[in-house]
Amino acid sequence: MSKVQRLKMAKPAKFDFIRTVQSHGWFDLLPFEFDEERAKLSFVAGSGVGTFVKCSVADGGETITVEVVGDEVNRAEIERQVRHILRLDESFELFYGMLEADKVLHWVPSRSSGRLLRSPTVFEDLVKTICTTNCSWAMTKIMVTNLVEKLGEPVGNRRAFPTPEVMASVPLEFYKDEIRAGYRSAYFVELAGRVAAGELLPEGWLTSVLTTAELKKEIKQVKGVGDYAAENLLKLLGRYDGLALDSWLRAQFYKKHCAGAACDDKKIAKHYHHFGEWKGLAIWCDMTEDWFE
DNA sequence: GCGTCCAGGTCTACC
DNA sequence: GGTAGACCTGGACGC
């Protein structure tokens, strides 16, 4: 029987747990699981001592409550990961200040929107982002589920997201036949191999001193990562200069601002230009305004 | 049942 | 730098 530990963590002034968890599709991808009825987000985290543990996070009113199931737990490491996935240390003051008088996005600060859920590691976010390219959301879920179910370390009745080392240990055919990743298979083999060998360090992108343009160029060196995927990952890293336009975002923009008619990407860029380095978050908030209505 | 299109794009070759 | 065509998969749709 594993031990259960409970932690309480301070909540930022402007913070909405549900809006953060359901800010985009990640909460619906394993190892994340969201119990809507209990408003509890579960995931599998590195314990900090070389093993994995099951975690569940909920809004405890004044605090954020965390339940950890596992025998060996480094509490500081668990707290760090919860802070990371919920972006508890990220300041949105400048963004909210910019929107107070905005005709369209004035609702964002009052509803504490804009925090985008992220995975415990950049590597996991990178792999998941590649799984979103050129396919339906249903296909993304199939690929991520297969990765976790077939390569993830078992943790009780759950599984962790596979490590770069484990992903690097299986051949191309495994990705094609078992993960159903199709042409992306070669990308995963190369990416996992480079990360496992220490040649590529995605976690370092979190604290990179490079400009966003330089960092985007570096991220695009990863095979399978183009403009959309790089800008999407940059948003998860806390850099919102890029719009990360994909077919869904374009379709939403056409519906909301062009009466359903398609328009050029340049028109979309111009529409959000005045938000400067926050434009990627501005378009996301704008396009998802009705998600919580 | 079968063919076609498309979905939270990217890569490569070519101009 | 811009563009065309190929690339895996599976679900939706029309016939």
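Within every chain, numbering begins at 1; the chains are lettered A, B, ... in the order of the sequence lines, protein sequences first and strands thereafter. Side-chain atoms are counted along with the backbone in the values below, which use heavy atoms only and exclude waters and symmetry mates.
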A:W137-B:dG8 aromatic stacking (under 5.5 Å, under 30°) | yes

Taking the side chain from A:T129 and the backbone from A:A229, do they hold a donor-acceptor pair closer than 3.5 Å?
-> no

Under 6.0 Å from the CD atom of A:E100, do we count more than 12 heavy atoms belonging to anything else shown?
-> yes

Taking a pair to mean Watson-Crick or G-U wobble geometry with both distances below 3.5 Å, B:dG1 pairs with C:dC15

Figure out the CZ/P separation between A:R184 and B:dG8, and round it to whole Å.
-> 12 Å

Span that lies between the P atom of C:dC8 and that of B:dA13, in whole angstrom | 15 Å

According to the interplanar angle, ranging from 0 to 90°, do the rings of A:F123 and A:F161 count as parallel (below 30°), tilted (30 to 60°) or perpendicular (above 60°)?
-> perpendicular

Look at the rings of A:H257 and A:H271 and say which category their plane angle falls in: under 30° parallel, 30 to 60° tilted, over 60° perpendicular.
-> tilted

Check: A:A244 main-chain N/O paired with A:N232 side-chain donor or acceptor under 3.5 Å = no

Under 4.0 Å between a Lys/Arg side-chain N and an Asp/Glu carboxylate O for A:D16 and A:R115?
-> no

Nearest-Å distance once atom C1' is located in both C:dA6 and B:dC6 | 16 Å

For atom C1', what is the distance between B:dC5 and C:dC7, given to the nearest Å?
-> 15 Å

Please work out whether the ring planes of A:Y183 and A:Y187 are parallel, tilted or perpendicular, with thresholds of 30° and 60°.
-> perpendicular

Check the angle between the aromatic planes of A:W284 and A:H24 and answer parallel, tilted or perpendicular using the 30° and 60° thresholds.
-> perpendicular

What string of B, S and - do you get for nucleotides 9-15 of chain B 5' to 3' if you count protein non-hydrogen atoms under 4.0 Å?
-> BSSS---

Which two nucleotides bound the region of DNA chain C that has atoms under 4.0 Å from heavy atoms of chain A, read 5' to 3'?
-> C:dC7 to C:dG10

